[in-house]
Structure formats: C-alpha cells, structure tokens
Amino acid sequence: MAESSQDTKSAANRAVQSINEKAQGILKQDLSKAKGVAYDALKSKAYLYPLKGILYFLSHRSLWKPFTSKIGPYLAVSAAVVGGMFALTYLPQLAVLVFTSGPLAPVTTALLVLNESSTIVNIISRNWILQQAILDTFDGTLISRNATTMVREGREVSSGSDPISRLGKTLKNPFSKFSPTALVRYVMYLPLNFIPLFGTAAFLFLQARSRGQMVHGRYFQLKKLSASQKQEWLEKHTGAYTAFGMVATLLEMSPVANIFFTYTNTVGAALWAADIEEINSTMTDETAPTLTEAAKKVQ
C-alpha cells in the first residue's frame with residue numbers, strides 16, 4: 001500500500017514538473033520575442049484595421065444582419081459573465097493588487113476583471129453563439145470587396161447585390177475552439193497583473209499576440225495554405241498580427257459594446273485580408289513587406 005502511494009505521488013510530481021516545464025518554455029519563448037514584436041507591431045500599422053472595420057461596418061448596412069440576429073443571446077451571456085465576475089472576483093483580486101499597485105489597484109483590478117470576462121465571453125460566444133454569424137460577416141465583407149472567387153473556395157455563393165444574402169451553404173468552417181495552449185498562456189500570464197502598470201500592459205500585449213494570430217483563420221483556409229505555410233506567414237508577421245490583436249482586445253473589453261466590436265473586428269480582419277490579396281495573391285512569393293503596404297491603405 002505504501003509503495004503504491006509512493007508511485008502515485010511520484011507520478012503526480014512528474015506531471016506537475018512537466019506542466020511547469022511547458023509553462024516555462026512558453027514564457028521564455030514569448031518574452032524573448034516581445035521586444036522585436038513590439039517594434040514590428042508599430043511599424044506595420046495593422047492596428048488601424050480594427051478602426052477601419054468600425055467605419056466600414058457602420059457605412060455598410062448590408063453587413064448588419066448577422067450582428068442584429070445575435071444581439072439578444074450575446075448581451076445576455078455578456079451581462080451574466082461581467083456581472084458575475086465583478087460580484088465574485090473583483091474584491092478578492094483587489095485585496096491582492098492593493099499591495100502591488102497601491103492607489104492604482106481599483107483601476108488595474110477593473111481592467112483585469114474586464115479582460116477575464118472578455119475571455120470567458122469569447123470562449124462561450126465564439127464556440128456556441130456567434131460562430132456562424134462571425135463567419136458570415138467575414139465572408140460577406142470579402143464579397144463586398146469583390147473577393148467572391150476566393151469566398152467560393154469555402155462556401156456556396158449566389159448572385160445578387162446584398163453580400164450577406166448571397167452567402168449559401170458553408171462547405172468548410174475554420175473557426176476553431178479555444179486552444180489549450182491559449183488557455184495555458186492566459187492563466188500563466190495572469191500574475192503579471194500584480195506588477196503596477198507595466199504588468200497589466202505586458203499581460204494585454206501577450207494576450208493580443210495570441211488573439212491576433214487567430215483573426216485570419218478563414219482567410220488562410222480560403223487560400224488553402226498548408227499548416228507550414230500558415231505558420232511561416234504568422235511568424236514572419238507576428239508584429240502586425242499583435243498590433244491588430246491589441247486594438248481588437250481592448251475594444252472587446254468594453255462592457256455591453258463588446259458584441260459590436262466583435263463584429264467590427266471581424267470586418268477589419270476581412271478588409272485586411274482583402275488588401276493583402278490585392279497586393280500579393282499567392283502569399284508564398286513574398287518580395288515586399290506586404291502587410292505594411294496593405295496597412296497603408298487605411299490612411
């Protein structure tokens with residue numbers, strides 16, 4: 001019996017050690033690239049696309065249908081999550097942050113709870129409520145930008161003038177579930193919020209990088225990129241996707257308005273994809289900084 005207990009304890013220790021080593025590896029990998037990523041993020045100007053998405057969405061009523069059809073369920077989930085998180089976690093986290101952030105603790109704690117709430121809402125909504133609506137918004141935006149041929153690689157498209165009404169049966173659905181690696185990163189980086197100002201900024205920055213790498217899942221699928229081509233593209237343009245992810249994350253942290261920004265960020269990502277497509281339709285023969293050039297279209 002004692003020997004069995006010892007074996008169980010050893011197995012548990014090995015499991016904990018394995019998780020710890022994996023977390024340290026992820027942290028080391030992320031932080032080693034942070035400085036270069038930050039520079040590339042600013043240079044790319046990709047952070048302008050979420051803002052362009054807002055303007056484009058507001059000026060194209062034909063893209064509103066997926067948004068208006070899901071407002072009720074999304075707001076109910078969002079209100080429940082945000083209200084519950086502030087009621088249950090704000091004071092406990094404030095009690096900890098007051099020792100590290102001092103007078104800024106109420107603000108940093110509120111930002112932390114909003115970020116946590118946003119993550120939970122995103123997991124729930126993108127997996128069960130908004131998945132098809134977001135896909136329709138992305139594809140509809142591409143059609144409005146005359147990228148119909150590309151959209152036909154992933155779904156049926158009929159004739160007509162309304163981009164959303166033209167969307168038919170989905171042949172391929174690229175929007176994946178919240179990945180385990182993203183969850184590990186999120187939990188692992190939470191303690192950064194105990195560092196005044198810099199810690200919260202670093203936490204948002206690292207989360208934005210993970211978020212940014214998911215915004216073109218549909219585009220990569222429509223382009224029929226292999227896993228290696230997709231990874232190569234993302235690694236080459238980590239800064240640009242982080243810049244987009246930072247602005248998108250901050251916008252979606254807004255209580256109540258987060259559903260609106262979820263859709264406008266999708267529109268912004270589709271506009272960015274359309275601009276990349278105009279510059280370089282292959283994405284594999286890259287002789288110029290295509291994402292930087294595409295970002296200039298925003299200005």
Side-chain angles (χ1 to χ4, degrees), residues 45-86 110-145 162-165 167 173-175 178 182 186 204 207-208 210-219 241-275 295 297-298:
K45 298 182 181 179
Y47 52 81
L48 295 174
Y49 275 97
L51 305 180
K52 186 177 182 182
I54 296 173
L55 298 177
Y56 196 88
F57 183 77
L58 290 175
S59 61
H60 290 73
R61 292 180 62 91
S62 58
L63 298 176
W64 292 7
K65 186 176 180 180
F67 167 68
T68 56
S69 67
K70 298 295 182 180
I71 288 181
Y74 186 92
L75 287 180
V77 170
S78 182
V81 171
V82 174
M85 288 294 290
F86 269 96
L111 288 175
L112 176 58
V113 174
L114 285 174
N115 189 280
E116 292 167 344
S117 301
S118 175
T119 299
I120 295 172
V121 171
N122 270 326
I123 293 173
I124 296 173
S125 62
R126 289 179 181 273
N127 288 341
W128 292 287
I129 301 175
L130 303 180
Q131 190 176 47
Q132 187 61 45
I134 290 175
L135 179 62
D136 290 346
T137 300
F138 191 93
D139 288 352
T141 302
L142 287 178
I143 290 177
S144 73
R145 284 288 305 270
D162 186 325
I164 298 299
S165 298
L167 298 175
N173 194 330
F175 292 98
F178 198 70
Y186 182 82
L204 291 173
Q207 284 301 113
S210 297
R211 166 67 191 282
Q213 291 184 343
M214 297 187 294
V215 301
H216 275 164
R218 179 60 165 177
Y219 180 43
Y241 283 99
T242 300
F244 185 101
M246 175 63 80
V247 178
T249 298
L250 289 173
L251 289 173
E252 289 184 26
M253 284 172 59
S254 307
V256 182
N258 48 6
I259 181 174
F260 172 75
F261 292 125
T262 296
Y263 281 87
T264 60
N265 287 336
T266 300
V267 172
L271 295 176
W272 187 13
D275 284 346
K297 290 177 175 288
V298 182

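We count residues from 1, following the sequence as given.
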Problem set entry | Pairwise distance CZ(Phe260) to CD1(Ile54) - rounded to 0.5 angstrom | 6.0 Å

For this session: Might you point out which heavy atoms bring Ala270 and Leu142 nearest each other, and give the distance in Å?
Result: O-CD2, 3.5 Å

For this session: Take the angle between the ring planes of Phe67 and Phe57 and call it parallel below 30°, perpendicular above 60°, tilted in between.
Result: perpendicular

Problem set entry | Close side-chain approach of Met253 to Leu204, heavy-atom, < 4.5 Å | yes

Exercise. Taking atom CD1 of Ile129 and atom CD of Gln131, what is their separation to the nearest 0.5 Å?
Worked result: 11.5 Å

Exercise. Do you know which two heavy atoms are closest between Phe138 and Ala273, and how far apart they sit?
Worked result: CZ-CB, 4.3 Å

Exercise. Roughly how far, to the nearest 0.5 Å, is the OG1 atom of Thr249 from the CD atom of Gln207?
Worked result: 7.5 Å

Problem set entry | Parallel, tilted or perpendicular: ring planes of Tyr49 versus Trp272, cut at 30 and 60 degrees | parallel

Exercise. Does any non-hydrogen side-chain atom of Asp275 lie less than 4.5 Å from one of Lys52?
Worked result: yes

For this session: Check Asn258 against Ser78 and note the closest heavy-atom contact, atom names and distance.
Result: ND2-OG, 3.1 Å

Seminar exercise, completed: Which of Thr266, Ile164, Ile143, Thr264 passes side chain to side chain contact (heavy atoms under 4.5 Å, CB included) with Leu63? It is Ile164

Exercise. Yes or no on side-chain contact (heavy atoms from CB on, under 4.5 Å) for Leu114 and Phe86, after CA distance, side-chain angles and deciding distance?
Worked result: CA-CA 8 Å; Leu114 285 174; Phe86 269 96; 3.8 Å; yes

Seminar exercise, completed: Output for pair (Ile124 CD1, Thr119 OG1), nearest 0.5 Å, gives 11.0 Å

For this session: Evaluate the ring planes of His60 and Tyr56, with Trp represented by its six-membered ring, and classify them as parallel (under 30°), tilted (30 to 60°) or perpendicular (over 60°).
Result: parallel

Problem set entry | Spacing of Ile120 atom CD1 and Ser125 atom OG [to the nearest 0.5 Å] | 11.5 Å

Problem set entry | Pairwise side-chain contact, Trp128 with Val77, heavy-atom cut-off 4.5 Å (strictly under) | no

For this session: Considering non-hydrogen atoms only, spot the tightest contact between Pro66 and Tyr263 and give its length.
Result: O-OH, 2.9 Å

Problem set entry | Taking every non-hydrogen atom, the tightest pair across Pro50 and Ala248 | CG-N, 4.2 Å

Exercise. Is the closest side-chain donor-acceptor distance between Asn265 and Glu252 under 3.5 Å?
Worked result: yes

Exercise. Would you say the side chains of Gln132 and Asp136 form a donor-acceptor pair under 3.5 Å?
Worked result: yes

Exercise. Can you check side-chain contact (heavy atoms from CB on, under 4.5 Å) on Thr262 and Arg126, steps first, answer last?
Worked result: CA-CA 10 Å; Thr262 296; Arg126 289 179 181 273; 3.8 Å; yes

Exercise. Out of curiosity, Leu250 CG to Ser118 OG, how far, rounded to the nearest 0.5 Å?
Worked result: 9.5 Å

Seminar exercise, completed: All heavy atoms of Ile71 vs all of Ile259, minimum pair found to be CA-CD1, 3.6 Å

